[in-house]
Amino acid sequence: MGREEEVTRLVLAAEPRPFWLDRPDAPPARRALRGEVACDLAVIGGGFSGLWAALLAKESDPERAVVLVEGNRVGWAASGRNGGFCEASLTHGAANGQARFPAEFGTLQRLGLENLGAIEAALDAHGIACDFERTGSIGVATEEYQVDGLREAAESGGATFLGPEAMRAEVNSPTYLAGLWDKAGSALVHPGRLAWGLAAACERLGVRVAERTPATDLATDADGVSVRVRDGVVRARRVALGTSAFPCLVRRLRPYTVPVWDYVLVTEPLSTVQRAAIGWRNRQGIGDSGNQFHYYRLTPDNRILWGGYDAIYHYGRGLRAAYDQRPATFARLAAHFFATFPQLEGISFSHRWGGAIDTCSRFCAFFGTAHRGRVAYALGYTGLGVGASRFGARVMLDLLSGEPTELTRLAMVRSKPVPFPPEPLAYLGVQATRWSLARADRNRGRRNLWLRALDAAGMGFVS
Ligand SMILES: Cc1cc2nc3c(=O)[nH]c(=O)nc-3n(C[C@H](O)[C@H](O)[C@H](O)COP(=O)(O)OP(=O)(O)OC[C@H]3O[C@@H](n4cnc5c(N)ncnc54)[C@H](O)[C@@H]3O)c2cc1C
């Protein structure tokens with residue numbers, strides 16, 4: 001058997017489901033909502049956005065009647081499928097934030113760090129066990145041209161530059177040329193346990209959580225909003241939408257996001273010998289520095305989760321369960337994994353899966369209201385929403401309060417990304433961008449005419 005065939009055989013032997021949700025302590029399904037229910041706040045979506053919105057609403061006003069409806073199961077979508085990097089950044093990284101919101105970037109950095117601290121405090125306060133580890137994360141350079149960027153980022157403060165020896169003393173890969181260790185701005189979490197723990201905490205505070213209850217329509221009525229669900233209706237004074245990459249119930253918002261698939265592999269637990277061969281005693285999350293980048297980390301039981309690189313968009317904003325599996329991407333990811341850690345040759349993979357990312361053209365969330373200020377939304381986290389979704393939930397509640405707050409005054413909250421064009425232009429645009437980003441990675445990061453045009457139009461991707 002050739003090398004490529006061997007790698008493909010290895011990845012296809014893995015379970016085709018998210019590692020994080022494949023646990024014997026997964027909670028049983030909650031009852032669907034039937035008939036008519038009235039409440040002060042209806043939350044649509046049982047991912048991190050919706051769960052934080054419900055929890056924060058109850059914390060701030062325990063008398064408020066809150067109902068959360070989830071179309072499938074709590075945490076089954078992006079929130080239970082991600083890498084578990086819980087970052088302080090609200091803007092998909094400093095470079096993107098600085099470029100888009102230069103005047104308030106310092107404020108966004110502070111709010112992001114406060115948000116990460118508040119997540120840690122909430123986990124303690126509600127007794128949510130989700131393997132939260134404040135390890136920090138390391139951006140690694142695997143190409144010579146990336147090293148200066150890391151050194152400059154370290155000079156602007158907040159993170160530690162690691163030369164090749166220092167980097168390999170932390171984690172041993174022959175591909176590493178340097179690293180940038182951000183100790184304060186990043187934590188790791190078990191996303192499945194976080195979603196389940198948040199839902200249980202919501203219920204302890206009195207939130208009604210209904211699963212298998214898709215909302216199909218929103219309509220303004222005399223004193224609120226009627227949320228039609230499959231077998232009933234929720235009459236709510238206010239509504240928070242945390243529906244991510246799924247078709248938005250406010251139709252005019254649909255052009256602002258496209259679902260882009262991201263894929264992940266998880267290995268079997270490493271043996272003591274394998275752990276010794278790679279070091280990684282400080283368990284940091286790691287990401288490499290290309291436009292097409294990998295992110296990877298140790299799981300609580302010492303497997304390696306390895307994801308990223310390919311970002312796949314299907315014509316027509318397609319969202320199908322079949323897209324969760326993509327053998328060609330899994331094989332590519334596995335080949336890159338063994339190139340990074342040749343010491344682990346022969347290790348097998350236990351899980352493989354993919355998930356849809358709500359991508360918008362500014363690469364960080366956008367916010368707003370509809371239905372005369374009675375419906376708020378936070379969408380478009382573009383692959384960095386594990387931590388930022390709590391901030392987005394706060395923004396939604398502030399917007400629904402109708403009172404101006406520090407958050408609702410932010411330019412980040414008041415502005416919107418450029419919408420995507422209709423098909424076939426959206427598809428052609430995404431393909432041209434992917435091709436150009438891959439080319440830039442092979443060409444010392446140099447951006448071609450297409451990427452420079454996107455930069456000028458405010459749609460440029462800076463990882
Ligand atoms: C493979 C992958 C890796 C990632 N890695 C990271 C990472 O390491 N760090 C990071 O910060 N981010 C990461 N992300 C992104 C992160 O997971 C998301 O930004 C975050 O989970 C978004 O949470 P959410 O609640 O907005 O969306 P989701 O978790 O997608 O939840 C939305 C929910 O709304 C429900 N819903 C939608 N429409 C309706 C409706 N009409 N009625 C009822 N329910 C509805 C859906 O069923 C779903 O459960 C990753 C994403 C993927 C896919």
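Atoms within each ligand, like the ligands themselves, are counted from 1 in listed order.
Contact annotation: for Tyr263 versus ligand 1, there are no heavy atoms closer than 4.0 Å. Contacts of Val74 with ligand 1, taken as heavy-atom pairs under 4.0 Å, are absent altogether. The proximity of Tyr381 to ligand 1, defined as any non-hydrogen pair under 4.0 Å, is limited to the side chain. When heavy-atom distances to ligand 1 are checked against a 4.0 Å cut-off, Val69 comes that close only through its backbone atoms N, CA, C and O. Contacts of Tyr295 with ligand 1, taken as heavy-atom pairs under 4.0 Å, involve the side chain alone. Both the backbone and the side chain of Phe48 come within 4.0 Å of ligand 1, counting heavy atoms alone.
Looking from atom 31 (O) of ligand 1 to the surrounding protein, the closest heavy atom is Gly47 CA, 3.5 Å. Counting only heavy atoms of the protein, atom 27 (O) of ligand 1 lies nearest to Ser244 CB, 3.1 Å. Among all protein heavy atoms, the one lying closest to atom 39 (C) of ligand 1 is Thr243 CG2, 3.7 Å. Given atom 50 (C) of ligand 1, the protein heavy atom at minimum distance is Asn82 CB, 3.3 Å. In this structure, the protein non-hydrogen atom closest to atom 9 (N) of ligand 1 is Phe85 O, 2.9 Å.
Backbone and side-chain nitrogen or oxygen atoms of Ile357 are examined, and none is located within less than 3.5 angstrom of a nitrogen or oxygen of ligand 1. Taking only nitrogen or oxygen atoms, main chain and side chain alike, Gly83 reaches within less than 3.5 Å of ligand 1. Considering both main-chain and side-chain atoms, Ser79 comes within under 3.5 Å of ligand 1 through a nitrogen or oxygen pair. Backbone and side-chain nitrogen or oxygen atoms of Thr213 are examined, and none is located within less than 3.5 angstrom of a nitrogen or oxygen of ligand 1.
For the residue pair His336 / Gln292, no side-chain donor-acceptor distance below 3.5 Å is found, with atom types taken as modelled. In this structure, a donor-acceptor pair under 3.5 Å is present between the side chains of Ser415 and Arg362. Between the side chains of Thr135 and Gln284, no donor-acceptor pair is found at a separation under 3.5 Å. For the residue pair Ser226/Asp221, the side-chain donor-acceptor check at 3.5 Å is satisfied.
In this structure, Glu70 is part of the shell of residues with a heavy atom less than 4.0 angstrom from ligand 1.
Taking 4.5 Å as the limit, every side-chain heavy atom of Trp196 sits out of range of all side-chain heavy atoms of Trp20.
Remark: Glu203 pairs with Arg30 by the side-chain hydrogen bond (donor to acceptor under 3.5 Å, both in side chains) rule, at least two apart or across chains.
A salt bridge is defined here as a Lys NZ or Arg NE, NH1 or NH2 lying under 4.0 Å from an Asp or Glu carboxylate O, and Arg110 with Glu406 meets this definition. With respect to the salt-bridge test (charged N to carboxylate O, under 4.0 angstrom), the residues Arg17 and Asp22 qualify.
With Met167 as the fixed residue, the side chain to side chain contact (heavy atoms under 4.5 Å, CB included) test singles out one of Asn172, Ile138, Leu150: Ile138.
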